[in-house]
Enquirer: 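If you scroll down you'll find the structure; I have some questions about it.
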Amino acid sequence: MLMQLKELTPEGLKTGHGLAGGDAPTRADWTIDQGWHNYTAAEHAVWKTLFERQSKLLPGRACDEFVAGMRDLPIGPEQIPDFEQLSEVLMQRTGWQVVAVPGLVPDEVFFEHLANRRFPAGHFIRKPSELDYLEEPDVFHDVFGHVPMLMNPAIADYIQAYGVGGLRARKLGVLDKLARVYWYTVEFGLVKQADGLRIYGAGIASSYTETVFSLDDPSPNRIGFDLERVMRTNYRIDDFQESYFVIDNLDKLLDLAHIDFAPLYERIAGQPEYQPGTVLPSDTLLTRGTGSYHDAKRAATRPVTSLN
Ligand SMILES: C[C@H](O)[C@H](O)[C@H]1CNc2nc(N)[nH]c(=O)c2N1
Ligand SMILES: N[C@@H](Cc1ccccc1)C(=O)O
Ligand SMILES: [Fe+2]
């Protein structure tokens, strides 16, 4: 999703967007009013551009559950969705709500929301000049990418359990390990379907270029999901992923939610981490990537040395 994470300071927020996001949070849980009536025609137009581009691409590429979730929600091309209307439908289906936040919120605030089945969504939308660039999650990523999946009972329970697990992992000092599981599932996960690989990760589903790259490009590895392996694998926040991890079906996520991670955290403590593009002999490979995309980038940024 080409996201460059900003530092979480009240100063950072002041440089933020729109009306409601202009000041440091006043509520302890960092929520703000969505301020739906304050969106300008230009902002709705950015939503429309992104929405139309993405909804043409996703049938046959996003998993069936994503497409069904989108169909049943009050989300369309014409307007940035109203979080209250989304929450009404979500609440009936899976007991989730969407709440507005100014952008990235501190980990414990994020986890506390998820543990209570509230999904914090950025209220602002990216600039028209930066359609494929995100400094922090905006309303298109959070709503278009995540909310359809929250209509699915397995994902709904999984993300709540992740919130509970996040609060616990923070206390144990192992948040980096847990965050990789979220990254390689909720954000960048692929799932097998009868007719081939499909997208369920929101970071892919909200990105035009990564939708194509993750499924069709020869460059990335596509590897069967293995929990311990993923917990040890670094990820990229600034470019397409070098490896995607594939689950057999969405219910497999529920197994993960029920596994006690504490013994795993202990077992992998001090063991080496894997780089994003590494392939291990123990991996179940669906595709061995050529690595060409990231290799070309690395070559382009390498300093030119002498000719010998
Ligand atoms: C580890 C954790 O999942 C991650 O860093 C959190 C932090 N705060 C966030 N805040 C928002 N609004 N959205 C997010 O996805 C996250 N992610
Ligand atoms: N089951 C994990 C928490 C978790 C839930 C869902 C997703 C990822 C992790 C634990 O014991 O900490
Ligand atoms: Fe996200």
Side-chain angles (χ1 to χ4, degrees), residues 1-9 12-13 16-17 21 25 29-32 34 83 98-115 117-124 126 134-150 154-189 199-207 210 225 227-228 230-231 235 237 241 245 247 250-268:
M1 89 179 120
L2 308 171
M3 185 156 86
Q4 213 134 56
L5 296 185
K6 282 209 317 205
E7 248 190 285
L8 283 177
T9 62
L13 283 172
H17 337 258
D29 68 357
W30 285 58
T31 60
I32 54 175
Q34 186 189 4
F83 294 179
V98 180
V99 295
V101 289
L104 283 171
V105 299
D107 291 335
E108 72 270 30
V109 175
F110 184 64
F111 295 140
E112 189 69 40
H113 280 301
L114 299 184
R117 286 172 114 83
R118 292 187 301 265
F119 195 80
H123 82 302
F124 67 94
R126 66 198 75 179
L134 272 194
E135 229 178 25
E136 41 185 344
D138 74 342
V139 64
F140 188 75
H141 167 75
D142 280 333
V143 169
F144 187 97
H146 285 287
V147 175
M149 293 307 297
L150 286 172
I155 295 274
D157 287 356
Y158 178 72
I159 298 184
Q160 177 187 7
Y162 173 77
V164 177
L167 294 168
R168 187 169 173 233
R170 234 184 113 242
K171 292 200 195 103
L172 296 171
V174 293
L175 200 49
D176 52 337
K177 311 282 184 302
L178 180 69
R180 291 171 187 153
V181 178
Y182 187 81
W183 192 265
Y184 283 120
T185 57
V186 173
E187 295 293 353
F188 292 96
I199 295 156
Y200 73 95
I204 308 176
S206 65
S207 161
E210 193 148 5
F225 187 93
L227 178 56
E228 247 181 83
V230 165
M231 284 170 89
Y235 54 81
I237 62 166
Q241 301 306 304
F245 292 92
I247 57 173
L250 294 182
D251 285 336
K252 295 283 176 193
L253 296 177
L254 288 179
D255 301 342
L256 287 186
H258 294 134
I259 293 171
D260 180 4
F261 281 24
L264 297 180
Y265 294 141
E266 279 196 27
R267 187 153 75 223
I268 66 175

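Numbering of ligands and ligand atoms starts at 1, following listing order. The model shown is predicted, which means the values in this text are computed figures rather than measured ones.
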Enquirer: Just give me the atom name: the N, O or S atom of H141 closest to the Fe ion (ligand 3).
Expert: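 Atom name of the closest N, O or S in H141: NE2.
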Enquirer: Starting from atom 7 (C) of ligand 2, locate the nearest protein heavy atom and write down its residue, its atom name and how far away it is, to 0.1 Å.
Expert: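 Looking only at protein heavy atoms, the one closest to atom 7 (C) of ligand 2 is Y158 CE1, 3.2 Å.
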Enquirer: As an exercise, state the distance from NE2 of H146 to CD of E187, rounded to the nearest 0.5 Å.
Expert: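 Rounded to the nearest 0.5 Å, the NE2-CD separation comes out at 3.5 Å.
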Enquirer: In the protein, which heavy atom is nearest to atom 3 (C) of ligand 2, and how far is it?
Expert: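 For this ligand atom, the closest protein heavy atom is G165 CA, 3.8 Å.
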Enquirer: Taking H113 for its side chain and T31 for its backbone only, find out whether a donor-acceptor pair lies under 3.5 Å.
Expert: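 Not a single qualifying donor-acceptor pair exists.
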Enquirer: Just to check, does W183 reach to within less than 4.0 Å of ligand 1 when the distance is taken from its heavy atoms?
Expert: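 Checking ligand 1 against W183, which is what was asked, there is no heavy-atom contact under 4.0 Å.
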Enquirer: Would you mind checking which non-hydrogen protein atom is closest to atom 10 (C) of ligand 2, with the distance to 0.1 Å?
Expert: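 Going by distance alone, atom 10 (C) of ligand 2 is nearest to R168 NH1, 3.3 Å.
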Enquirer: Is there any N or O on G103 that sits under 3.5 Å from an N or O of ligand 1?
Expert: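 So ligand 1 has an N or O lying under 3.5 Å from an N or O of G103.
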Enquirer: Return a yes/no value for A257: is any of its N or O atoms, backbone included, closer than 3.5 angstrom to an N or O of ligand 2?
Expert: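 There is such a contact, yes.
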Enquirer: Can you tell me if Y158 and T185 form a side-chain donor-acceptor pair at under 3.5 Å?
Expert: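 Yes, a side-chain donor-acceptor pair sits under 3.5 Å.
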Enquirer: Got the closest protein heavy atom to atom 2 (C) of ligand 2, with its distance?
Expert: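 Ranking protein heavy atoms by distance from atom 2 (C) of ligand 2, first comes F261 CD1, 3.3 Å.
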Enquirer: Counting heavy atoms only, which of V186, L104, V99 is nearest atom 9 (C) of ligand 1?
Expert: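 Checking each option, the heavy atom nearest atom 9 (C) of ligand 1 is found in L104.
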Enquirer: Using a 4.0 Å heavy-atom cut-off, say whether Y182 meets ligand 2 through its side chain, its backbone, both or neither.
Expert: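 Within the 4.0 Å criterion, Y182 makes no contact with ligand 2.
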Enquirer: Output the distance between atom CD (E112) and atom CG (D107), rounded to the nearest 0.5 Å.
Expert: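 Here the interatomic distance stands at 13.0 Å.
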Enquirer: If you measure from CZ on F111 to CD1 on I159, what distance do you get to the nearest 0.5 Å?
Expert: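 Interatomic distance, F111 CZ to I159 CD1, rounded to 0.5 Å: 12.0 Å.
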Enquirer: Return the orientation label for the W183 and Y235 ring planes: parallel under 30°, perpendicular over 60°, tilted otherwise.
Expert: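 Geometry flag for Y235 against W183: parallel rings.
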Enquirer: Could you give the distance from CZ (R117) to CD (Q160), rounded to the nearest 0.5 Å?
Expert: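 Reported value, rounded in 0.5 Å steps: 4.5 Å.
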Enquirer: Within ligand 1, which atoms have a heavy atom of D107 less than 4.0 Å away?
Expert: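 The list of qualifying atoms is 1 (C), 2 (C), 4 (C), 5 (O), 6 (C), 7 (C).
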Enquirer: What is the OE1(E187)-the Fe ion (ligand 3)-NE2(H146) angle, to the nearest 10 degrees?
Expert: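 For OE1 of E187 and NE2 of H146, the angle centred on the Fe ion (ligand 3) reads 90°.
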Enquirer: Under 4.0 Å from a heavy atom of D260: give me the atoms of ligand 2 that qualify, with their elements.
Expert: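 So the atoms of ligand 2 that pass are 11 (O).
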Enquirer: Show me which atoms of ligand 2 lie under 4.0 Å from any heavy atom of L256.
Expert: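 Close to L256: 1 (N).
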Enquirer: Compute the centroid of each ring, for F245 and then for F188, and state whether the two points are separated by less than 6.0 Å.
Expert: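 Between F188 and F245, which both carry aromatic rings, the centre distance is not below 6.0 Å.
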Enquirer: Rounded to the nearest 0.5 Å, what's the gap from CG on L104 to CD on E136? Could you check?
Expert: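 Rounded to the nearest 0.5 Å, the CG-CD separation comes to 5.0 Å.
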Enquirer: To the nearest 0.1 Å, how far is atom 4 (C) of ligand 2 from its closest protein heavy atom, and which atom is that?
Expert: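 It is A161 O, 3.9 Å.
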Enquirer: Out of W30, F110, Y162, whose heavy atom is nearest to atom 11 (C) of ligand 1?
Expert: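 Selected option, by shortest heavy-atom distance: F110.
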Enquirer: Considering only heavy atoms, does I259 approach ligand 2 within less than 4.0 Å through its side chain, its backbone, both, or neither?
Expert: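 I259 to ligand 2: backbone contact only, side chain stays beyond 4.0 Å.
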Enquirer: Is E187 in polar range of ligand 1, meaning some N or O pair under 3.5 Å apart?
Expert: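 It does not: no N or O of E187 is found under 3.5 Å from an N or O of ligand 1.
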Enquirer: Go through ligand 2 atom by atom and flag the ones less than 4.0 Å from a non-hydrogen atom of L178.
Expert: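 Those atoms are 8 (C), 9 (C).
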Enquirer: Any idea how F119 and F110 line up, ring-wise: parallel (<30°), tilted (30 to 60°), or perpendicular (>60°)?
Expert: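 Because their plane-to-plane angle is over 60°, the rings of F119 and F110 count as perpendicular.
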Enquirer: Rounded to the nearest 0.5 Å, how far does CZ of F261 lie from CD of E228?
Expert: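 Interatomic distance, E228 CD to F261 CZ, rounded to 0.5 Å: 10.5 Å.
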Enquirer: Are F144 and F140 near enough that their ring centres are under 6.0 Å apart?
Expert: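 Yes.
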